[in-house]
Chemist: 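Submitted below is the structure of interest, expressed as structure tokens.
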Amino acid sequence: MSQVEFELACAAIKQLKGPVSDQEKLLVYSFYKQATVGDCNIPAPPATDVKAKAKWKAWTRNKGMTKLDAMRIYIAKVEELKKKEAG
């Protein structure tokens with residue numbers, strides 16, 4: 001697993017044309033943020049901002065995970081979505 005593979009997965013996710021569920025999007029987002037930033041470093045958004053709150057919760061669930069582990073999981077999830085799209 002390398003930075004190049006992670007960057008390729010980041011590019012590949014943007015090319016997906018098939019439907020991706022909101023839950024899958026949140027999962028991919030959370031691992032991307034953990035891999036690129038680390039533990040969530042922003043305060044919780046207000047409950048009235050439902051989308052931001054969901055993204056924040058997804059990211060904070062990964063607290064303590066290493067950036068390398070998050071990259072590995074992100075790459076695996078993108079590969080899974082690519083296979084799902086290919087049928």
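For the single chain, residues carry numbers from 1 onward in sequence order. None of these values were measured; they are calculated from a predicted model.
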Chemist: Tell me every residue that passes side-chain contact (heavy atoms from CB on, under 4.5 Å) with A54, counting only those two or more places apart in sequence or in another chain.
Modeler: L26
Chemist: For residues 64-71, please give each side-chain donor-acceptor pair under 3.5 Å, one per line with the distance, not counting sequence neighbours.
Modeler:
from : atom 1 : to  : atom 2 : distance (Å)
T66  : OG1    : D69 : N      : 3.0
T66  : OG1    : D69 : OD2    : 3.3
D69  : OD1    : R72 : NH1    : 3.1

Chemist: Can I get a per-line list of side-chain donor-acceptor pairs under 3.5 Å for residues 73-87, giving both atom names and the distance, sequence neighbours left out?
Modeler:
from : atom 1 : to  : atom 2 : distance (Å)
K77  : NZ     : E80 : OE2    : 3.0
E79  : OE2    : K82 : NZ     : 3.2
K84  : NZ     : E24 : OE1    : 3.4
K84  : NZ     : E24 : OE2    : 3.0
E85  : OE2    : K17 : N      : 2.4
E85  : OE2    : G18 : N      : 2.5

Chemist: What's in the same ILVMFWY side-chain cluster as L8, cut-off under 4.5 Å, chained through other members?
Modeler: V4
Chemist: Enumerate the residue pairs fulfilling salt bridge (charged side-chain N to carboxylate O under 4.0 Å, His left out) with a member in residues 31-59, sequence neighbours excluded, ordered by first and then second residue.
Modeler: none
Chemist: Could you work out the complete set of other residues in the hydrophobic cluster of I42, with links drawn between I, L, V, M, F, W and Y side chains under 4.5 Å apart?
Modeler: Y29, V37, W56, W59
